[in-house]
Amino acid sequence: MFKTSDGELTVTHDDQDYTFPTVTGTEGDVGVDISRLRGDHKKITLDYGFANTAACRSSITYVNGETGELRYRGYRIEDLAAKATFPEVAYLLINGELPTKVELEEYEAELRGHTLLNEEMKAMFDAFPRGAHPMGILSAATAAMSTFYERYHDPRDEESVKESTVRLMAKLPTVASFAYKKSIGQPYMYPRNDLDYSSNFLYMMFGLPVEPYEIDPVVARALDVLLILHADHEQNCSTSTVRLVGSSEANLFASVAGGMNALWGPLHGGANSAVIAMLTQIDQDGGDVDKYVAKAKDKDDPFRLMGFGHRVYKNFDPRATILKDFAADVLERLGVNDPLLNIALKLEEHALTDDYFVERKLYPNVDFYSGMIFRSLGFPVRMFTVLFAIGRLPGWMAQWKEMIEDPNTRIGRPRQVYAGYQEREYTAVDER
Ligand code: SDX
């Protein structure tokens with residue numbers, strides 16, 4: 001039985017009252033503070049996937065899953081995607097305010113000053129097998145980068161944290177493009193400081209040292225918008241990993257590398273690649289959308305509609321809404337006729353009228369359309385999660401910084417409900 005009063009919640013169990021303080025967020029969300037539950041009542045909570053558990057208070061990103069709203073530092077994602085640039089949004093997430101024109105110019109100049117990798121890192125790329133998945137290279141290179149910047153490891157030193165965030169923001173596109181070039185046996189392309197962030201990444205990805213590379217402004221802007229849409233999403237799996245690793249006071253590079261590995265999974269950032277594989281399978285199977293919706297509903301079939309469903313959104317993911325129109329526009333402007341887009345639209349229409357999906361509030365998420373746009377921009381499928389990581393980097397760093405600066409932060413160490421053997425005697429191997 002739950003009773004709430006101002007700042008308190010009382011639970012009655014076996015005729016005993018348990019009263020807890022509550023905290024209320026700026027949008028009215030209420031958290032029950034159970035910090036004293038074990039100390040005062042020798043009890044803990046059990047919450048698989050932390051679906052009902054807030055790990056922190058945060059001022060960075062607000063997501064309303066019921067209404068399908070997403071805001072970075074109070075600004076609507078729709079406005080930022082339409083009017084801002086990715087470096088501008090990165091600055092906003094990390095520093096808390098939109099930069100002035102001068103601040104943005106200074107920040108972009110600072111990033112341009114650190115786009116090169118230490119030449120000694122190049123040998124590391126050569127050590128990977130040619131077919132190495134770029135996410136494996138990305139997280140390894142990110143952790144390896146920490147060995148070049150040990151002077152910036154102290155998470156309590158403000159200047160070191162700033163230097164680390166600048167280096168990671170500036171160098172991740174270079175690392176990503178080197179990983180891609182390695183996988184196709186082409187020479188690495190060094191960054192060009194006369195180009196903006198997204199254009200420079202396109203140049204390093206698709207340019208060749210033997211001929212000029214023309215930046216298509218449609219492609220550059222599309223990439224910028226995609227990176228903005230991926231920039232943060234409150235306490236998702238990879239961000240929670242970055243916070244947990246950082247809570248031990250591990251350096252920022254190591255914490256971000258941990259987040260990259262969590263993002264790699266097909267249930268999280270790997271979903272954008274899995275969506276393309278799914279749509280391709282449906283396309284090759286004659287476009288029979290009904291068959292795959294039936295498979296997704298069949299409890300005995302492990303098949304899931306990748307790009308559908310979300311732990312928080314029980315309405316449209318606003319990023320998917322933006323990307324749906326954006327995909328049609330970019331494909332048309334690039335003259336790309338991707339049969340997968342028609343399959344995706346049919347699949348979405350079918351799923352949104354099917355009771356199974358309606359009852360479970362399974363809507364398209366950010367990954368459902370992003371892969372098609374990435375593909376139309378020329379990126380290979382295995383680079384999609386890398387692109388997600390480049391977009392999410394400022395969010396990971398902003399959240400890590402907030403965790404380090406929060407006086408309430410303690411090292412993350414969940415408890416468990418023990419379900420194993422009770423004490424038993426050891427038996428010698430000959431007696432077993
Ligand atoms: C991202 O958290 C974030 O913010 C993540 C992210 C970010 O920006 O960081 O938004 C990015 O990771 C988006 C999600 C990308 N993943 C996918 O598209 C993979 C497919 N989706 C699912 O696997 C699933 O929906 C999750 C992982 C996204 C959410 O899983 P939950 O919250 O644990 O939900 P669940 O697995 O408990 O599903 C609830 C029900 C189940 O059925 P019942 O047991 O009630 O009968 O819905 C069903 C599930 O079987 N279900 C699906 C489904 N997703 C959930 N059935 C078919 N197809 C699906 N995609």
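Whatever order the structure lists ligands and atoms in, that order sets their numbers, starting from 1.
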Test of proximity, D317 against ligand 1: N or O pairs below 3.5 Å
no
Contact with ligand 1 for K297, non-hydrogen, under 4.0 angstrom:
no
Report, in ascending order of atom number, the atoms of ligand 1 lying under 4.0 Å from any heavy atom of R360.
40 (C), 42 (O), 43 (P), 45 (O), 46 (O), 47 (O), 48 (C)
Any protein heavy atom < 4.0 Å from atom 19 (C) of ligand 1
yes
Should R221 and D224 count as an ion pair when the cut-off is N to O under 4.0 Å?
yes
Just jot down the ligand 1 atoms closer than 4.0 angstrom to any heavy atom of A296, in number order.
57 (C)
Looking only at heavy atoms of N365, does any of them come nearer than 4.0 Å to an atom of ligand 1?
yes
Strictly under 4.0 Å, does any heavy atom of F368 approach an atom of ligand 1?
no
Per-atom contacts, ligand 1 versus H310 - under 4.0 Å to a heavy atom
2 (O), 3 (C), 4 (O), 5 (C), 6 (C), 10 (O), 13 (C), 25 (O), 28 (C)
Output yes when a protein non-hydrogen atom is found under 4.0 Å of atom 37 (O) of ligand 1, and no otherwise.
no
Checking contacts here: is it the side chain or the backbone of V275 that comes within 4.0 Å of ligand 1, counting heavy atoms only? Could be both or neither.
neither
Counting only non-hydrogen atoms of the protein, does one fall under 4.0 Å from atom 57 (C) of ligand 1?
yes
Could you report the tightest heavy-atom contact between V166 and H114, atom names first, then the distance?
CG1-CD2, 3.6 Å
Could you list the atoms of ligand 1 found under 4.0 angstrom from a heavy atom of M306?
18 (O), 19 (C)
Assess the residue pair F178 and K182 against the criterion (side chain to side chain contact (heavy atoms under 4.5 Å, CB included)); give the C-alpha distance rounded to whole Å, side-chain angles, the decisive distance to 0.1 Å, and a yes or no.
CA-CA 6 Å; F178 276 29; K182 151 81 188 175; over 6 Å; no
Compute the shortest N/O to N/O distance between C237 and ligand 1 and return yes if it is under 3.5 Å, no if not.
no
Using distance alone, decide if ligand 1 has a nitrogen or oxygen within less than 3.5 Å of any nitrogen or oxygen in L305.
yes
If you take the centroid of each ring, where Trp contributes its six-membered ring, are F308 and F368 closer together than 6.0 Å?
yes
So if I count the atoms of ligand 1 from 1 in the order they appear, which ones are less than 4.0 Å from some heavy atom of G307?
17 (C), 18 (O)
Is the closest heavy atom of H230 to ligand 1 under 4.0 Å?
no
Sidechain N-carboxylate O distance under 4.0 Å for E108, R112
no
Can you sort out which atoms of ligand 1 are near N236, meaning under 4.0 Å from one of its heavy atoms?
2 (O), 3 (C), 4 (O), 5 (C), 9 (O)
Taking H233 as the fixed residue, which of F388, W396, Y313 is the one that meets the ring pair (Phe, Tyr, Trp, His ring centres under 6.0 Å) rule?
Y313
Can you list the ligand 1 atoms lying under 4.0 Å from a non-hydrogen atom of K299?
42 (O), 43 (P), 44 (O), 46 (O), 50 (O)
Do you see a protein non-hydrogen atom under 4.0 Å from atom 34 (O) of ligand 1?
no
Taking only heavy atoms of A271, which atoms of ligand 1 are found under 4.0 Å from at least one of them?
15 (C), 16 (N), 17 (C), 18 (O)
